[in-house]
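Heads up, the thing below is written out as structure tokens.
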2 protein chains.
Amino acid sequence: MSLRSQLLKGVLEGCILSIINRQSTYGYELSVRLQEFGLSDVSEGSIYPILLRLQKEKLIEGTMQKSDLGPKRKYYHLTEDGQHALREFMEQWENIKLPVDNILNKGGETD
Amino acid sequence: MSLRSQLLKGVLEGCILSIINRQSTYGYELSVRLQEFGLSDVSEGSIYPILLRLQKEKLIEGTMQKSDLGPKRKYYHLTEDGQHALREFMEQWENIKLPVDNILNKGGETD
DNA sequence: AGATGCTACCTTGCATAACAAAGTAGCTTA
DNA sequence: TAAGCTACTTTGTTATGCAAGGTAGCATCT
């Protein structure tokens, strides 16, 4: 019922899980990271709702920490469930990437 | 405003454009093709609405043709706009695939 | 003729994802 | 105290994909 069968919705979610898994981080920095990776269209309006959703699903946990400059930051890290979900997502990404590549690349050939 | 900035929503749409571009086809067969490619979760409830949408957006055109067996089929082919959209989609797919791969694969390394 | 089953298309309604926009608040610098 | 950056949150909108159900043509079997 909640096994994501929708094609690719949730790629952002998976990317966020992966980045957090690599190193505990917070929303604002996440948006910078994603941009660095080349996902430049991603806005905070997308990121924070996802973080809240992941939190509610117990895939990540956040703790407030003071920062030198500016307001406190909410640092997130993956839970066990989150790591499991990340692994699942990575599999699904592979399972979808291949067919899509095949469909798109074999543009003019007859079998 | 309509330049798809959403991350990956619409991959199905792009795949359908690509398959139709390769060879004029109709909805029912499309679902078989997608399955053959490995996108087995895709149901008619997804395909036909997309075909109608693409039609409305003038990316594809359909013509009814009699079939030897069973009811008439609606064969679709791409319009010029459709071919343009397909090219755009393929670029976007590449632009997103790379970052996502990078984010997912470099799971444990520190730069 | 009637029933079943496959082909083939279409529609309605729902869940969810991503986004824009706006709001809140802390800290710094001028 | 005003401006500007950091940082988080919420609300409302759009669009995607799907399940479910409906319509209908044709073939086959009984």
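Below, read A as the first sequence line, B as the second, and so on, with proteins coming before strands; counting in each chain starts at 1.
- In this structure, CD of A:Q65 is placed 16 Å from C1' of D:dT6, rounded to the nearest angstrom.
- Heavy atoms of A:I50 sit under 4.0 angstrom from primed sugar atoms or phosphate atoms, though from no base atom.
- Protein atom CD of A:E13 is 15 Å distant from nucleotide atom C1' of D:dT16, rounded to whole Å.
- Environment of NE2 in A:H77: crowded, with over 12 heavy atoms of neighbouring residues, nucleotides or ligands closer than 6.0 Å.
- Expressed to the nearest 0.5 Å, how far CG of B:L34 lies from OG of B:S46 amounts to 9.5 Å.
- Within the 4.0 Å cut-off from OP1 or OP2 of C:dC27, not a single side-chain nitrogen or oxygen of A:K72 is found.
- Counting any heavy atom pair closer than 4.0 Å across all strands shown, B:G27 reaches sugar-phosphate atoms only and no base atom.
- In this structure, OH of A:Y26 is placed 12 Å from C1' of D:dC5, rounded to the nearest angstrom.
- Protein atom CD1 of B:I47 is 12 Å distant from nucleotide atom P of C:dC10, rounded to whole Å.
- When rounded to the nearest whole Å, the span between CZ of A:F89 and C1' of C:dA17 equals 13 Å.
- Out of C:dC19, D:dT9, C:dT11, the shortest distance to the side chain of B:P49 is found at C:dT11.
- B:E29 comes within 4.0 angstrom of nothing in the nucleic acid, heavy atoms only.
- Ion pairing between B:R33 and B:E29 holds under the 4.0 Å rule for side-chain N and carboxylate O.
- Here CD1 of B:I60 is found 10.0 Å from OG of B:S24. Values are rounded to the nearest 0.5 Å.
- The nearest heavy atom of DNA chain C to B:L52 and to A:R53 marks one nucleotide each, and the one closer to the 5' end goes with B:L52.
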Derivation of the side chain to side chain contact (heavy atoms under 4.5 Å, CB included) call for B:H84 and B:L59: CA-CA 9 Å; B:H84 183 67; B:L59 302 183; over 6 Å; no
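- Summarising the geometry, the separation between CD on A:E44 and P on C:dA25 is reported as 17 Å, rounded to the nearest angstrom.
- A:Y75 and A:Y26 have perpendicular rings, their planes meeting at more than 60° on a 0 to 90° scale where under 30° would count as parallel.
- No hydrogens or angles considered: a donor-acceptor pair under 3.5 Å links the side chains of A:Q55 and A:K74.
- Closest-nucleotide positions on DNA chain D for A:R73 and B:P71 were compared, and the one nearer the 5' end corresponds to A:R73.
- For D:dC8, the OP1/OP2 oxygens have no side-chain nitrogen or oxygen of A:Y28 closer than 4.0 Å.
- For D:dT9, neither phosphate oxygen OP1 nor OP2 lies less than 4.0 angstrom from any side-chain nitrogen or oxygen of A:Y48.
- As judged by a 4.0 angstrom heavy-atom cut-off over every strand, B:S46 is placed among the base-contacting residues.
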Given Watson-Crick or G-U pairs with both distances under 3.5 Å, what dot-bracket string fits DNA chain D, with | for other-strand pairs and [ ] for crossing? ||||||||||||||||||||||||||||||
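- Whole-Å rounding puts the B:L59 CG to D:dA15 C1' distance at 15 Å.
- At C:dC19, none of the side-chain N or O atoms of A:S43 fall inside 4.0 Å of OP1 or OP2 (strictly under the cut-off).
- Atoms CD1 and OG, from B:I103 and A:S18 in turn, are 7.0 Å apart once rounded to the nearest 0.5 Å.
- Put simply, CG on B:L12 is 16 Å from P on C:dA17, counting in whole angstrom units.
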